[in-house]
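Computed from a prediction, not measured in an experiment: that's the story for all the values here. Convention: sequence-line order gives letters A, B, ...; per-chain numbering from 1.
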2 protein chains.
Amino acid sequence: MTMDIKIVDVASRAGVSPATVSRVLNNTANVNAKTKEKVMEVIRELGYLPNAAAKNLRSQKTMTIGVIVPEINNSYYAEIIKGIENKAYAQKYKVIICDTGNNKEKELDFLNLLINRTVDSMILVTPQLSEEELARIVDMNYSIGIVGRYVGNGKVPCVFTDNVKFSKEVVRHLVEQGHKEIVFLSGYADAIDSFERLEGYMKALREHHLPFLPELIENGDFNERGGYEAMKRLLDKKVSFSAVYAANDEMALGVYKACREFNIAIPGQIAVVGVDNDRISRYITPKLSTVSQPKIRMGRAIVDKILHQLEHDSLKEEDRVLVLESELIVRESSDIRL
Amino acid sequence: MTMDIKIVDVASRAGVSPATVSRVLNNTANVNAKTKEKVMEVIRELGYLPNAAAKNLRSQKTMTIGVIVPEINNSYYAEIIKGIENKAYAQKYKVIICDTGNNKEKELDFLNLLINRTVDSMILVTPQLSEEELARIVDMNYSIGIVGRYVGNGKVPCVFTDNVKFSKEVVRHLVEQGHKEIVFLSGYADAIDSFERLEGYMKALREHHLPFLPELIENGDFNERGGYEAMKRLLDKKVSFSAVYAANDEMALGVYKACREFNIAIPGQIAVVGVDNDRISRYITPKLSTVSQPKIRMGRAIVDKILHQLEHDSLKEEDRVLVLESELIVRESSDIRL
DNA sequence: ATGAAAGCGCTAACAT
DNA sequence: ATGTTAGCGCTTTCAT
């Protein structure tokens, strides 16, 4: 145990009361310039820092934000966290990270940090919780922000990109390249991203007067292995197709693997497009076409909204939801001219 | 503001004293089975969770560990964090992340979370701080753990891999492949990793009776661009060499880029080996030889040591430092037979 | 402009 | 086995 110095130590040494020290520390009332100077000096001398727990208890704030993500060590989430941490630091907030490993139990468990006041607010990145579950918490007046999907609740700020819109763009690009039979590789079925990307895919087909063929839909659970196996299933089924739109880059990597194994040329025989603009997409051969999302900005934006709401106790509806632009990046894997 | 429920609410509703509620909550003394049951029931009914700040203040613990890393969104650090978070969660600890962006000021600032008791312990991953600076903090009895480098201070647990050892392995492998003029691409000069990897390189040269040529040493600041530019400088200098040992995969990626630009075949004309086993190394063409480090295990291990020390207030010297095995992974970029 | 004192919600020492 | 009470270190009325 350290013999920490407390506010009374500073006070007595400076010849003032604890209240005055608190005042200069927090700029919370007028303090005579001379005494202020003296107090500051003693604080420096003693290297005093206010005990966080006492401060939190008394002020009912922790200056801490929690972030719940499915996997910290996935570059997509790591970038979002980066944005959150950087913005939070600039506003003097700390960040507690919670890695659920895609486990909903853990997600719920971490939410307790909000209830027991360990954090002032919780950011959920592509959460598994339903709108109702979210509503229950928000209605108890706890602060929550969402990254990666739209939420209807008027008290919940959310930041995301328009899955439907960029999915349509991907399909349009593929159609322009001459493809008519396009596979859609979905992530796990209950993820909102899977659903919306599929929706965009279907809408685009209709717009281009292409038939929707259910046998061209496969699920790859958002991971490489899933993509690999889905691709093998497609090959087994002997359905005819010339392009694959994978709902993320991970699965596209799996498609690459299967193609390598079966000697299928990309993009010569099969074009491939992914989503996320994972770093690997630029380095793999052939370079993978993908959709880039402004991950760091998403992180920064949600912090902005949450803190605004925390401080002003309100958020106009038009400020509540932010949909950021994503961008289709065409690379070798879907460009026959290359 | 929510009307939170407090321990007194639970107590009165259960017809007992706050002390008893605290006892069943913390299993800190014998409580009659019947009353215990009753208290638990009320707790569930009310959805009571103990206020964290009050608990922290009273118990002088926060059950929180801070982690300071140079860049969260770098897979090497993200993996270490993953290991830390998972182990911490299993022990009921939370994790606050601090991203310094390689800024020493920020590193020092984050250490204040230790002093002001926001966290019980702080893990520094490849810190920029000197041993003396660390010692100053540790001598005030604050708990610190280090990942990624050895520290002499007997009170500081540390976990790392043996840079010298694997560097020698890398050079030996290259020599066995017939290389005699091997470039060493260093990271920024003040990083301990740069220094030790260089040391291993030099020792290996001596062991294999190869001359040490200063013109074969270049600095690439641990990033891709630095590697690219270092490689161009080497090419400009017109020195002769047939292999490059880059102190991390990032720089190796830069070497790849330069070689592509100048039409140099890897490994035909120049062999390349990196360090870190970044995911990209398996996907790039040609596949990059590299050194794999057990990142997640490093994270888990340091948490183990720190918590042991926190609870037992001591750590035997033989338990204090852990050097984990790394492994040279030979892939296409340094194997002429492939 | 400054000080005295109450109290944030919990745990632990002491009493019963 | 259980209750009473002091106090963790701070902020914030309320006085002066």
Side-chain angles (χ1 to χ4, degrees), chain A residues 1-40 42-43 46-64 112-120, chain B residues 1-40 42-43 46-64 112-120:
Chain A
M1 279 297 133
T2 325
M3 201 42 242
D4 301 87
I5 19 183
K6 321 168 200 175
I7 201 168
V8 287
D9 302 326
V10 176
S12 70
R13 175 99 169 235
V16 298
S17 75
T20 298
V21 177
S22 174
R23 286 184 188 110
V24 339
L25 228 33
N26 302 299
N27 250 310
T28 190
N30 286 336
V31 176
N32 183 295
K34 278 244 146 65
T35 39
K36 188 177 208 162
E37 185 51 46
K38 176 66 183 166
V39 170
M40 300 279 256
V42 174
I43 287 175
L46 267 42
Y48 168 72
L49 285 180
N51 177 290
K55 193 165 185 164
N56 293 348
L57 176 56
R58 178 62 228 226
S59 63
Q60 307 281 40
K61 302 196 305 167
T62 62
M63 301 298 282
T64 307
N112 286 334
L113 297 180
L114 195 53
I115 320 266
N116 75 16
R117 305 285 174 190
T118 296
V119 300
D120 294 338
Chain B
M1 276 298 133
T2 325
M3 201 42 243
D4 301 86
I5 34 184
K6 324 170 197 175
I7 200 168
V8 286
D9 302 325
V10 176
S12 71
R13 175 99 169 236
V16 299
S17 75
T20 299
V21 177
S22 174
R23 286 186 187 106
V24 340
L25 230 32
N26 302 300
N27 250 311
T28 188
N30 287 338
V31 176
N32 182 295
K34 278 245 148 66
T35 40
K36 189 179 209 162
E37 184 53 44
K38 176 67 183 166
V39 170
M40 299 279 256
V42 173
I43 287 175
L46 268 41
Y48 168 72
L49 284 180
N51 178 289
K55 193 167 184 164
N56 293 347
L57 176 57
R58 178 62 230 225
S59 63
Q60 306 282 37
K61 302 196 305 168
T62 62
M63 301 298 281
T64 307
N112 287 334
L113 297 179
L114 195 53
I115 321 266
N116 77 13
R117 304 286 175 189
T118 296
V119 299
D120 294 338

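Counting any heavy atom pair closer than 4.0 Å across all strands shown, Asn56(B) reaches no nucleic acid atom. Contact annotation for Thr20(A): backbone-only contact, meaning every heavy-atom pair under 4.0 Å involves sugar-phosphate atoms and none involves a base.
For the pair Asn56(B) and Thr62(B), the tightest heavy-atom approach, listed with the atom from each and the gap, is OD1-CA, 3.5 Å. Heavy-atom minimum distance, Ile5(B) versus Leu46(B): CD1-O, 2.7 Å.
Residue-to-nucleotide contacts include a donor-acceptor pair under 3.5 Å from the side chain of Arg23(A) to the base of dG3(C).
Comparing dT4(D), dT12(D), dG9(C) against the side chain of Ala19(A) picks out dT12(D) as the nearest. The listed nucleotides are dA12(C), dT2(D), dG9(C); the one nearest the side chain of Ala54(B) is dG9(C). Of the candidate nucleotides dG9(C), dG7(C), dG3(D), dG9(C) has the atom lying nearest to any side-chain atom of Arg58(B). Considering only side-chain atoms of Pro18(B), the nucleotide from dT11(C), dC10(D), dT2(D) that sits closest is dT11(C).
Here dG9(D) presents its P atom at 7 Å from CG of Leu57(B), a figure rounded to the nearest Å. Per the geometry, CD belonging to Gln60(B) stands 6 Å off C1' belonging to dC8(D), to the nearest Å. Distance, Asn27(B) CG to dA1(D) P: 13 Å, rounded to whole Å. Atom OH in Tyr48(B) sits roughly 10 Å away from atom P in dG9(C) (whole-Å rounding). Lys55(A) places its NZ atom 5 Å from the P atom of dT11(D), with the value rounded to the nearest Å. For Lys38(B) and dA1(D), the NZ to P distance is 21 Å, given to the nearest whole Å. Look at CG on Asp9(B): it is 9 Å from P on dG9(C), rounded to the nearest Å. Spacing between atom CZ of Arg117(B) and atom P of dC8(D) amounts to 15 Å, rounded to whole angstrom units.
The side chain of Asn30(A) contributes an N or O atom lying less than 4.0 Å from OP1 or OP2 of dA1(C). Residue Thr28(A) has no polar side-chain atom (N or O) positioned under 4.0 Å from OP1 or OP2 of dT11(D).
With rounding to the nearest 0.5 angstrom, the CG atom of Leu57(B) is 5.5 Å from the CG atom of Leu57(A). Atom CD of Glu37(B) and atom CG of Asn32(B) lie 11.0 Å apart (nearest 0.5 Å).
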Practice task
List the steps, then state whether side-chain contact (heavy atoms from CB on, under 4.5 Å) holds for Val21(B) with Val16(B).
Solution key: CA-CA 7 Å; Val21(B) 177; Val16(B) 299; 3.8 Å; yes
